[in-house]
Enquirer: 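Here's a structure for you.
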Amino acid sequence: MTRHPGRRLGIWCAGLLLAGVGVVIGCRVADTDGVTPVPQLLAFLPWLLVPTGFALLCALLTRWWPGLVCGAVVLGVLTWYLQPYDDTAGPGGRPLATLRVLTSNVEFGRGTPALVPRIRDRRPDIVFVEECEFSCQATLEGDFATVYPYRQAVRAAGSHGSLILSRYPLTPTAGVPGIMGMPGAVADVHGHAVRLQLAHPMPPLPDQVGLWQRELGRLSAFAAADRRTPTILAGDFNATQDHAAFRRVLDTGLTDAARLAGHDHTASWPARTASVVGTQIDHVLLSPDFTATDARFLRVPGSDHRALVVDVTLHRRG
């Protein structure tokens with residue numbers, strides 16, 4: 001019996017969609033980021049539910065039972081990976097200090113005018129600003145000279161400049177090497193040393209996936225180098241929990257503050273569509289010395305990223 005052309009088309013659509021999603025899911029299961037376009041698609045892994053659902057519908061309408069079974073398996077695996085990756089136990093000791101942390105990528109400095117009122121309104125204790133070039137640094141350091149008398153910066157143009165502002169005294173550190181500036185410091189938070197490190201590895205563009213992985217590897221090495229000192233690693237990671245290179249950072253014992261506050265899948269980029277379609281690549285990662293009680297993603301006009309503000313508490317280790 002000759003197959004109906006519509007049925008043949010439906011089977012082809014279902015098969016191609018499941019094959020494409022299956023490659024991405026396979027890399028996630030194998031704990032690898034693969035090659036382009038897999039790293040880019042992994043950033044939007046939860047949204048692969050859409051083509052998977054369409055493939056299931058096509059398989060059902062065409063009564064393609066092998067495809068229906070395959071689609072159900074893919075759907076189950078996708079649903080499993082919607083669960084948060086990191087499961088670090090919290091501290092057991094008494095609270096020592098509470099502080100508010102803000103991180104914002106201001107996109108070549110263009111979001112700086114909008115970030116200023118956000119800082120004034122939210123009054124964070126520590127501010128991490130990525131893509132903060134010369135004019136951005138001059139504005140923030142000038143407007144908040146008395147509020148944040150301590151700062152550590154990589155002074156450079158375009159996306160290479162970065163800035164840390166702090167209410168607490170800072171001791172500069174070497175930071176983490178990268179194409180874009182990633183300054184670091186040790187803060188004195190009411191007598192307790194806290195390592196601060198700004199994160200801004202290169203994005204996984206098709207021609208620089210290897211560089212992206214190496215720079216995330218350096219951030220992982222930074223986190224693993226000292227697991228005794230309380231640590232805050234914050235910024236634009238250009239990665240999500242579905243990237244193996246980012247999970248290596250979490251494997252050092254750090255926990256995503258947004259996850260602790262119940263916002264593990266709230267999108268931060270791209271800002272214009274984040275409320276509908278987006279991904280979370282801006283993070284505040286905390287060592288086990290911290291708990292997080294609140295996380296908010298704020299629109300910063302002029303930037304393609306939302307700012308992230310988290311309230312955290314430093315504990316004595318139990």
Enquirer: Which residue is it: Phe237, Phe297, Trp269? I am looking for the one with a ring-ring contact (aromatic ring centres under 6.0 Å, His included) to His283.
Expert: Phe237
Enquirer: For Gln137 and Ser135, which I'm curious about, is there any donor-acceptor pair between the side chains at under 3.5 Å?
Expert: no
Enquirer: Work out which heavy atom in Ala114 is nearest to a heavy atom in Pro301; give both atom names and the distance.
Expert: CB-O, 3.3 Å
Enquirer: Ignoring hydrogens, what is the shortest heavy-atom contact between Ala223 and Thr252? Give both atom names and the distance.
Expert: CB-OG1, 3.3 Å
Enquirer: With the threshold set at 4.0 Å, does a side-chain nitrogen-carboxylate oxygen contact exist between Arg123 and Asp121?
Expert: no
Enquirer: Please check if atom CZ in Arg299 has more than 12 non-hydrogen atoms from other residues, nucleotides or ligands closer than 6.0 Å.
Expert: no
Enquirer: Check whether any side-chain heavy atom of Pro46 sits under 4.5 Å from a side-chain heavy atom of His265, and report yes or no.
Expert: yes
Enquirer: Grouping I, L, V, M, F, W and Y whenever their side-chain heavy atoms are under 4.5 Å apart, do Leu260 and Val310 come out in a common cluster?
Expert: yes
Enquirer: Between the side chain of Ser159 and the main-chain N/O of Phe108, is any donor-acceptor distance below 3.5 Å?
Expert: no
Enquirer: Any link between Val77 and Trp47 through a network of hydrophobic side chains (Ile, Leu, Val, Met, Phe, Trp, Tyr) touching at under 4.5 Å?
Expert: no
Enquirer: Any Lys/Arg nitrogen of Arg296 or Asp311 sitting under 4.0 Å from an Asp/Glu carboxylate oxygen of the other?
Expert: yes
Enquirer: Could you walk me through whether Arg306 and Asp282 pass salt bridge (charged side-chain N to carboxylate O under 4.0 Å, His left out), step by step?
Expert: CA-CA 8 Å; Arg306 286 177 168 181; Asp282 299 270; over 6 Å; no
Enquirer: With a 4.0 Å cut-off, would you call Asp31 and Arg247 a salt bridge?
Expert: yes
Enquirer: Side chains of His305 and Val300, heavy atoms from C-beta outward: is any pair under 4.5 Å?
Expert: no
Enquirer: What heavy-atom pair brings Pro230 and Phe290 nearest, and what distance separates the two atoms?
Expert: CB-CE1, 3.8 Å
Enquirer: Could you tell me whether a side-chain N or O of Asp236 sits under 3.5 Å from a main-chain N or O of Asn105, the two making a donor and an acceptor?
Expert: no
Enquirer: Please tell me whether Leu198 and Val127 are part of a single hydrophobic cluster in this structure, the criterion being side-chain heavy atoms less than 4.5 Å apart.
Expert: no
Enquirer: Given Arg248 and Leu216, is the side chain to side chain contact (heavy atoms under 4.5 Å, CB included) satisfied, shown in steps?
Expert: CA-CA 8 Å; Arg248 300 295 81 80; Leu216 280 168; over 6 Å; no
Enquirer: Nearest 0.5 Å please: distance from the SG atom of Cys27 over to the CG atom of Asp33.
Expert: 8.0 Å
Enquirer: Indicate whether any N or O donor in one side chain lies under 3.5 Å from an N or O acceptor in the other, for Asp251 and Tyr85.
Expert: yes
Enquirer: Under 3.5 Å, which donor-acceptor pairs link side chains of residues 62-73 to any protein atom two or more places apart or in another chain?
Expert:
| from | atom 1 | to | atom 2 | distance (Å) |
| --- | --- | --- | --- | --- |
| Thr62 | OG1 | Cys58 | O | 2.7 |
| Thr62 | OG1 | Ala59 | O | 3.4 |

Enquirer: Do you reckon Ile164 sits in the same ILVMFWY cluster as Val154, going by side-chain contacts under 4.5 Å, direct or chained?
Expert: no
Enquirer: Quick one: side chain to side chain donor-acceptor pair (under 3.5 Å) partners of Arg151, sequence neighbours excluded?
Expert: none
Enquirer: Centroid-to-centroid, Phe128 to His200, below 6.0 Å?
Expert: no
Enquirer: Tell me, do Ile232 and Val101 make a side-chain contact under 4.5 Å, heavy atoms counted?
Expert: yes
Enquirer: Considering only heavy atoms from C-beta outward, does the side chain of Ser166 approach that of Ile126 to under 4.5 Å?
Expert: yes
Enquirer: To the nearest 0.5 Å, tell me how far Ser268 OG sits from His263 NE2.
Expert: 13.0 Å
Enquirer: Determine whether Val176 and Gln197 make a side-chain contact, defined as any pair of heavy atoms from C-beta on separated by less than 4.5 Å.
Expert: yes
Enquirer: Identify the heavy atoms of Ala239 and Trp212 that sit nearest to each other, and give their distance.
Expert: CB-CZ2, 4.0 Å
Enquirer: Could you tell me whether a side-chain N or O of Thr279 sits under 3.5 Å from a main-chain N or O of Ala43, the two making a donor and an acceptor?
Expert: yes
Enquirer: Between Ile281 and Val24, is there shared hydrophobic-cluster membership here, with clusters defined by ILVMFWY side-chain heavy atoms closer than 4.5 Å?
Expert: no
Enquirer: Would you check if Leu140 and Ile119 make a side-chain contact, meaning some heavy-atom pair closer than 4.5 Å?
Expert: yes
Enquirer: Between His192 (side chain only) and Leu96 (backbone N and O only), is there a donor and an acceptor less than 3.5 Å apart?
Expert: no
Enquirer: Using every non-hydrogen atom in the two residues, find where Thr36 and Pro206 come nearest and quote the distance to one decimal.
Expert: OG1-CA, 3.4 Å
Enquirer: Taking the side chain as everything from C-beta on, heavy atoms only, tell me whether Leu219 gets closer than 4.5 Å to Met182.
Expert: yes
Enquirer: Got a second to check how far Leu285's CG is from Leu233's CG, nearest 0.5 Å?
Expert: 5.0 Å
Enquirer: Just verifying a value: how many Å separate Thr231 OG1 and Leu286 CG, rounded to the nearest 0.5 Å?
Expert: 9.5 Å
Enquirer: Hey, could you give me the CG/OG distance between Leu163 and Ser104, rounded to the nearest 0.5 Å?
Expert: 11.5 Å
Enquirer: Which heavy-atom pair separates Ser162 from Glu131 by the least distance, and what is that distance?
Expert: OG-N, 4.2 Å
Enquirer: Under the side chain to side chain contact (heavy atoms under 4.5 Å, CB included) test, which residues partner Arg272, sequence neighbours left out?
Expert: none
Enquirer: Is a salt bridge present between Asp125 and Arg167, judged by a nitrogen-to-oxygen distance below 4.0 Å?
Expert: yes
Enquirer: Can you establish whether the number of heavy atoms outside Arg155 located under 6.0 Å from its atom CZ is more than 12?
Expert: yes
Enquirer: Please assess Glu130 against Thr103 for the test side chain to side chain donor-acceptor pair (under 3.5 Å), listing each intermediate value before the final yes or no.
Expert: CA-CA 8 Å; Glu130 304 83 59; Thr103 179; 3.0 Å; yes
Enquirer: Using a 4.5 Å cut-off on heavy atoms from C-beta on, say whether the side chain of Leu196 contacts that of Val186.
Expert: no
Enquirer: What is the distance from atom CD1 of Ile179 to atom CD of Glu215, rounded to the nearest 0.5 Å?
Expert: 5.5 Å
